Structures are given as structure tokens and as C-alpha cells.
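Structure first, then comments.
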Protein chains: 2
Amino acid sequence: MAKQNTVFKDAFNRCLGLLENSDSLASEPELGNQLGVSRTTIRAILTRLEEIGLIEWSKRRKAVLRKPSAEDYFPTEETDSLSEIIERSFMRRILAGGAEPGMQINELELAREIGTGTTSVREFLIRFSRFGLIEKRPNSHWVLKGFTPEFALELTEVREMFELRSAAAFAHLPDDHPAWNELDAIAALHREILADVDNRYREFSELDEKFHLLVHQASRNRFIVDFYDIIAIVFHYHYQWNKTNARQRNARAMEEHLVYIEALQSRDPAKIEGACRQHLKSARETLLQSIN
Amino acid sequence: MAKQNTVFKDAFNRCLGLLENSDSLASEPELGNQLGVSRTTIRAILTRLEEIGLIEWSKRRKAVLRKPSAEDYFPTEETDSLSEIIERSFMRRILAGGAEPGMQINELELAREIGTGTTSVREFLIRFSRFGLIEKRPNSHWVLKGFTPEFALELTEVREMFELRSAAAFAHLPDDHPAWNELDAIAALHREILADVDNRYREFSELDEKFHLLVHQASRNRFIVDFYDIIAIVFHYHYQWNKTNARQRNARAMEEHLVYIEALQSRDPAKIEGACRQHLKSARETLLQSIN
DNA sequence: AATCTGTCTATTGTAGATAAAAGACAGAAG
DNA sequence: CTTCTGTCTTTTATCTACAATAGACAGATT
């Protein structure tokens, strides 16, 4: 196949969601906006909805005939884009599996194992190389540099520089900047999760990413914001496969976040720097501990 | 063609160089090391050398029959790798040509204009995207964010953070670290060029890159070192197409470098910070001036 | 015993082809 | 006259194929 129709399938599934609570659908351009896809894809979705008897479609009329059932949805495995599949598969190999630093990475072999063409793997590796974990030998293979303590130290060194600066900039955002409201919402969510931490500590990972990204964005510097991608992906995958003490670790981090957030809200530079440093220090320690 | 044989042509040309001052060639593996290519390529080179009557080749014997002449060399246009060609072509379009921020970038069109396949253009754009000048709309085009004053300010902000830290780290390198010798050599070259600045000011660009890279490497942080790529490419191409006051600008920068280098050699943190800040400040001003 | 050459295989870099998705435009419907 | 639909064209994402290049191995040479 030249191209997977995952965009179609994913949008189709989301369209079934829209269909649950309504007895007709909006216009094609409007649907396109709602689902974030082009009209071409919308029309493919409408065609299929009609085929499986979910709607009656004639020009502007899109009447819902019945509610969607579980079988109407495409299975979730089919809605992931190829690059997501490659990313997951690759990250599992290098973080979970016993991948030695210095190991060669073979495009062809990777492609065969994942069951995809080499082009996609190549493009993934090129995109991934900016994370500093792999390196290309021109006209030859890639070399895995490995998820080592050195990597973690270099990563956190830059992270700390960037986050301290961003946090300081946060205090100078104008009072009517939307970031303040988002910060309040994030603080509230922290308290909510902490109140039921035993059951909800798994939600921390996503919350953590959202909070730190918000802080980094205050720098108004694309390089600082982009760099946060690297941190996010490392934490995301690393914790996904390393769950020792997750509950306790997350609870502690959330407490620190709350102190950090209050400091931001106070707009007091010294207080902000202190809280930020404290949190970054323990984040670094946690990361380093979990590597060895 | 599936693959250009630019590696062969470039290595061949360099091999002619080796051949100029010697009447026989080393063994195949040894030549491979000297030219940085595989034995397969070496044997292709030897075959051609024999064909055009430059050597007599039989097993270990590779006797030089005559000195290479100008026609023996491949033209330089044919020795550039495809990615270099694409990079130059693209940079010319966005830096020299009137490329508006927000403009769409079309892979197919770019490929046609450069006369290459889309795969190579795609891969180039992916690699290039880390420089923060373009951005991808998934399943759709790339958007040019433009070489704007904002870009320059964001770039220099991070650069200053990184270089100040690297310069400070430089002072703590052990006395027997090779960087000290390289620094001396770079200082000497500065003085040499300054002594004949009217004729040699064009050599500054390369020297500048070498010096700052040396400083950044003292950080021993892959993210800091890698970031210097962005600065290098921006300065490299930007100055290539913007030559107003080049002589004066370069002379001033070299003077500043010498002060900066002396500060590094003194290992005095305060002095280093001062000289570094001074130089970065005028580098930023120069860059900003040349954008508007 | 070490290094070299002859030969063979495997992998990378790039072009070209094709289905999926985006998007343009004219005429239809409100 | 604005927004929609029908239709068509263009572009992107991905696969496959193949020449260039790297690299492996056994036997030859020093």
C-alpha cells in the first residue's frame, strides 16, 4: 500500500462520537473543522457511514438512522499513524530492551521487524536524531549512544538552564495573560489528584508534561519550547517502562509542583527560583536513580 | 539513478592529491583510512586510475606512471553530495530570495526545481526543521517561519546562555587538555589574518566557526554542542549573501576574539565572562542589523 | 602471524510509482 | 451573496527497486 488510511479511520471513529449525541450532522466543511481533516476525508467518512446504515445522506441532509455500536468503530491498532508505531516500537527497544550503547542500528532490519518500508524508518531516525540518543555514520549505519547517566546529566543540565529562565519570565507575564488561568487550572487538578492519589497517581505523567510545557512557553523562545519535546519524550517512555515507586514518586512531585506554582503566582523572583531549583533537583535525582 | 557516486568522485579527486607527491600508493585498507571511504570505493578509484593511465596496478603494486593533470580531476560540481546541493539551494531561496514568512513550502516543487527526487527533499526538510525556520502541517505542506528579527533574538538568547556556560567551563579544563593547544593555534591564526586583513578577511568565517565550536565543546554537553550547528549554519549562509562592511565587521570580531581568547587563557572567570559578553553582544547587533 | 587482495553479501541513498489526503473551483442551494 | 456540494487536480506518505557504498570472509602474500 502506498499510504495507510489511518487519518480516515481515526477521524471516522471520532465522527461516531459526534453522532452519539445528535440526530444529524453539520455541513462538510464544518465537520472538517471539527475533526481536523479535509473535506475529501469527510466525504469518505460520510460514504462509509451511509454504507453501514448509520446515516441517510443526500446533499445537505445527513440524518442519523441509528446509534453507533461497538462494531462500527475501527480497532484502535488501525488508527495509529505509522510514525507513532515506529516511535513506540523503537523506544521500547532502546529503553526497555537491553540495548547496549555503541550498538549499530540497521534501517533494513528495523523496517523488517516493524513491518514497514525503509523510508519511514529512515525518516523516523532522522527526526529522532535530534534527541541526541543516536548518531549517523554517513553512508553507513546509525550508532546508538544509549540512554546512559551521561545522557541524563546533559539533558537535565540544559533543562535546568531553560526552565529557570522560563520560570523567571513567567513572573513577568501580564496579569491578563491566559497562562495565569491555565496555571490555576493545573493547580486545581493537582489538588484533585492528590486528594485521591492512590487511585489517580497515573494521571501525573500527562499533567507533568502540561505544567512544564506551560512554564517553558513563557520563555517565548522556540528553541527552549522545542527542547522540552526531548524532555517530554524521555520522561514519557522512561516512566512507562519503569514503574517502581510510581505512586510515591508522583505524589512527591505533585507536592513540589504546588509549591512551585504558588511561587509563580506570588511573582516573587527569589521564591520562584528556589521552588524551581528544588523541584528540578529532585526530578534529576529520580531520573538518574531509575537509570542504574 | 539510484545513487550518485559523489563519494567515489570526491575520494578520487583527493586520491589524485596523494598521488602528486609520491610514486606509489599504499595498500587498499590504508588508502581507505586516508580517504575515509571503504575498500570497495578504493578499488573503484584504483580501477579508474589504471584506466586513465595514471598508475600501473597489479595486486600490491601500484606504481605511479605520470603526474595527474587538471583534466584528470572530476569537476567540483560533481563531488558535492545531494544533501549539500539541496541545502545550498534551499538556503539561497530563504535567505537571499524574497521569501515571506508564512509562505508554503512544496516538496514536489522544490524537488523539481533542484532536479532531484522528493525523498531527498523530504529528508532534508525533516533534518532542517530542527533549526526552527520551518514547521510541518501534518499531511500537508511545510510553512516557512522566516528569517525574522524574532528568530535572530531567540537564537542569540540561547546562544548566549550556552556560550557563557561553555566559556566558564573552558577555564576548568585540565592544563594538559588538547583544547589549550588548539586555542593557541587559533589565536595565532587570528593574528596572522589580522596582519594582512585587507586580503585575508574572508577567512574569518571559517575561523569563527572553529573558535566558537571549540568553546562550546568545553561544555561536554551534546545538546550545547549540537545547538552550535544552528548558529554556524545561520552565520555561514547569512554572511555569504550579505557582504556589506564585511572587512570592517570581520576585523572587529577578530579583535574581540583575541581579547576573549586571552581571557580564557588567564582562566579568570570574571574576565572571561566580561570578554564573552562583549563579543556576544556585538555579534548579536551585527546579526540583527543585517536582517532589516 | 599479520596484513593484504579477491570475491561476495548486505546496507544505504535516491528515484519513481501509487493510494490517501488535501485543496481548488464552479455551479447549486439557501 | 454566502455557504454548500460535486468534481477534479495537486501534494503528501509510503512502498519498492536498484546503483553506490560499506563490510565480511577466505585464501594469498609478506
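Quick caveat: nothing in here was measured; it's all calculated off a predicted structure. Hydrogens, waters and symmetry mates are skipped; everything else that's a heavy atom, side chains included, is used. Convention: sequence-line order gives letters A, B, ...; per-chain numbering from 1.
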On the nucleotide C:dC4, are OP1 or OP2 found under 4.0 Å from the side-chain N or O atoms that B:K62 carries?
no
Proximal nucleotide (of D:dT14, D:dT11, C:dT5) relative to the A:L82 side chain:
D:dT14
Reading nucleotides 21-30 of chain C 5' to 3', which nucleotides get B (base under 4.0 Å from a protein heavy atom), which S (sugar-phosphate only), which -?
SBBB---BB-
Tell me the interatomic distance from B:D80, atom CG, to C:dG13, atom P, rounded to whole angstroms.
17 Å
Side chains of B:P68 and B:L54: does their closest heavy-atom pair fall under 4.5 Å?
yes
Could you state the CG-C1' distance from B:L31 to C:dT5, rounded to the nearest angstrom?
13 Å
Roughly how many Å is it from CD1 in B:I42 to C1' in D:dA20, rounded to a whole number?
14 Å
So does B:E20 pair up with B:K67, basic N to acidic O under 4.0 Å?
no
Kindly point out which of C:dG13, C:dT11, C:dT5 is positioned nearest to the side chain of B:A2?
C:dG13
Please report the distance, rounded to the nearest Å, between CD in A:E109 and P in D:dA22.
20 Å
With sequence neighbours left out, what residues match A:F131 under ring pair (Phe, Tyr, Trp, His ring centres under 6.0 Å)?
A:F128
Taking D:dG6, C:dT12, C:dT5 as options, the one with an atom nearest any side-chain atom of A:N106 is C:dT12
Calculate the interatomic distance between A:W142 atom CH2 and D:dA22 atom P; express it in whole Å.
17 Å
Separation of A:L110 atom CG from C:dA10 atom P, in whole Å?
18 Å
Just how far, in rounded Å, is P of D:dA20 from CG of B:D10?
16 Å
Taking CD1 from B:I114 and P from C:dT14, how many angstroms apart are they, rounded to a whole number?
13 Å
Residues forming a side chain to side chain donor-acceptor pair (under 3.5 Å) with A:R127, sequence neighbours excluded
none
With a distance cut-off below 6.0 Å to the six-membered ring centre and an angular limit of 45° from the axis, does A:R48 pair with A:F12 as a cation-pi contact?
yes
Under the rule for ring pair (Phe, Tyr, Trp, His ring centres under 6.0 Å), what residues qualify as partners of A:F151, not counting sequence neighbours?
A:F147, B:F223
Counting the atoms with a prime plus P, OP1 and OP2 as sugar-phosphate, which does B:R61 contact under 4.0 Å by heavy atoms, base, sugar-phosphate, or nothing?
nothing
Is the closest basic N to carboxylate O distance between B:K145 and B:E150 below 4.0 Å?
no
Can you sort out which residues in residues 115-137 of chain B have a heavy atom within less than 4.0 Å of DNA chain D? Ascending by number, please.
B:R122, B:K136
Looking at the side chain of B:L108, which of D:dC4, D:dT12, C:dT12 is the nearest nucleotide?
D:dT12
Quick test of your reading of the model: are A:R130 and A:D229 salt-bridged, counting only N-O distances below 4.0 Å?
yes
Ring pair (Phe, Tyr, Trp, His ring centres under 6.0 Å) partners for B:F211, two or more places apart:
B:H257, B:Y260
